[in-house]
Number of protein chains: 2
Amino acid sequence: MIGAGEPVTSEQLAQAMATNPVVVRRVMAGLREQGLVRSEKGHGGGWTLARDPTDITLADIYRAVGAPTIVAMGHRSENPGCLVEQAVNDALSGAFREVEALFMKRLGAVTLDALAKDFRRRLAKHKQSLEDQIHAVK
Amino acid sequence: MIGAGEPVTSEQLAQAMATNPVVVRRVMAGLREQGLVRSEKGHGGGWTLARDPTDITLADIYRAVGAPTIVAMGHRSENPGCLVEQAVNDALSGAFREVEALFMKRLGAVTLDALAKDFRRRLAKHKQSLEDQIHAVK
DNA sequence: TATCATGTAACTTCATATGTTACATGATTG
DNA sequence: CAATCATGTAACATATGAAGTTACATGATA
């Protein structure tokens, strides 16, 4: 299974999430720079986790890839000439910090390991449900 | 001044924020639907506040125009077929609710009146600084 | 009735995320 | 060493949505 031992190729990951290998590499490059994953070239190469999955949280991933994309709110222009914008920024700068802090705290509470466990539970249930359907038809 | 008594035209607003009158109307249309502003046609027409500025907060405005744009985070697909997506959604749905609630609370604490007062303060300071520069040159 | 302002549809940029192609680099295998 | 496999990356194509623009209808005022 992905993430356990054997390297996974961008090709496999792309197929699993219905996208393109190059897109996968782009995203993974961010994760690698943050030391979350490793990549190896050549035969038997691909991506592996660089840290224990109990030690990687969604906060790490967010910092590596999500920050510019997901926090589209807040932080417009930092030093606007517009006085209205200045007033709004001033009134909300503390709020944005608070909101972001809470968000990061919640992201930090979710480990890859926990997600993987939940995923496996869902997968088992999914398979079971498929089998039930087959039996029902028979 | 804008917002006090006399209606303000989309033309004036557009000029004040360096954009287009039609764009202004589009945004203001959302505010009007929420009962925050009124519009009048013809001579002397334009936009006026529909409620007391002490009674309008950024939360009202956010609900009227910002929700789809600003909360680009969270709420991807509601019922994804992807089991990984399901696991992540499940792990974070509570978090998103919390974060959004805090955000709304902070927005709700900022009234238009407070912003207007702060704006006027900045405007006065700005003018003062301009005059100082003139004196310095002389 | 002439003018002014909103209301809106339709179209045109513009920016950005995503997808795609092509090729270079490095690692493994026989 | 040559063939193959996989990442690394640049360059380009496509799709989406926000913002800007044009044009015209509607209604209000003088």
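Residue numbers begin at 1 in each chain, while the letters A, B, ... track the order of the sequences.
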Checklist outcome for this item: Sorted by chain and number, sequence neighbours left out, side-chain hydrogen bond (donor to acceptor under 3.5 Å, both in side chains) with A/Glu131 holds for none

Item to check | Nucleotide D/dG8, atom C1' - distance to CG of A/Leu13 in whole Å | outcome: 16 Å

Pairs under 3.5 angstrom only: tabulate donor-acceptor contacts from the side chains of residues 108-118 of chain B to other protein residues two or more places apart or in another chain.
unit_1   : atom_1 : unit_2   : atom_2 : d
B/Thr111 : OG1    : B/Ala114 : N      : 3.0
B/Asp113 : OD2    : B/Lys117 : NZ     : 2.7
B/Asp118 : OD1    : B/Arg121 : NE     : 3.2
B/Asp118 : OD1    : B/Arg121 : NH2    : 2.6
B/Asp118 : OD2    : B/Arg122 : NE     : 3.2
B/Asp118 : OD2    : B/Arg122 : NH2    : 3.3

Next on the checklist: Looking at D/dT7, I'd like to know if its phosphate oxygens (OP1 or OP2) sit under 4.0 Å from a side-chain N or O belonging to A/Ser10.
Outcome noted: yes

Checklist entry - Starting at CD of B/Glu6 and ending at P of C/dC4, how long is that distance when rounded to a whole Å? => result 17 Å

Checklist entry - So which nucleotide from C/dT8, D/dT4, D/dT7 ends up closest to the side chain of B/Arg32? => result C/dT8

Checklist entry - Side-chain N or O of B/Thr19 less than 4.0 angstrom from OP1 or OP2 on D/dG20? => result yes

Item to check | DNA chain C-proximal residues of residues 20-30 of chain B, any heavy atom under 4.0 Å | outcome: B/Val22, B/Arg25, B/Arg26

Checklist entry - What integer distance in Å separates B/His43:NE2 from D/dA30:C1'? => result 6 Å

Checklist entry - Once you round it to whole Å, what is the distance between P of D/dA19 and CE of B/Met17? => result 12 Å

Next on the checklist: Less than 4.5 Å apart, side chain to side chain, heavy atoms only: is that true for B/Leu130 and B/Lys127?
Outcome noted: no

Checklist entry - So does B/Ser39 get a side-chain nitrogen or oxygen closer than 4.0 Å to the phosphate oxygens (OP1/OP2) of C/dG7? => result yes

Item to check | Which residues share a salt bridge (charged side-chain N to carboxylate O under 4.0 Å, His left out) with B/Glu11, sequence neighbours left out | outcome: none

Item to check | d(CD, B/Gln12; P, C/dC4) in whole Å | outcome: 14 Å

Checklist entry - How long is the line joining NZ of B/Lys41 and C1' of C/dA5, in whole Å? => result 9 Å

Side-chain atoms of residues 33-42 of chain B: list all donor-acceptor pairs with protein atoms under 3.5 Å, sequence neighbours left out, distances to 0.1 Å.
unit_1  : atom_1 : unit_2  : atom_2 : d
B/Ser39 : OG     : B/Arg32 : NH1    : 3.2

Next on the checklist: Give me each pair satisfying salt bridge (Lys or Arg N to Asp or Glu O under 4.0 Å) with a member in residues 48-60 of chain B, each pair once, sequence neighbours excluded.
Outcome noted: B/Arg51-B/Asp55, B/Arg51-B/Asp60, B/Asp60-B/Arg63

Checklist entry - Taking the nucleotide of DNA chain D with the closest heavy atom to each, which residue, B/Glu40 or A/Gly46, is nearer the 5' end? => result A/Gly46

Checklist entry - In whole Å, what is the span from the CG atom of A/Leu31 to the P atom of D/dG8? => result 12 Å

Checklist entry - Between A/Ala64 and A/Gly30, which heavy-atom pair has the shortest distance, and what is it? => result CB-O, 3.9 Å

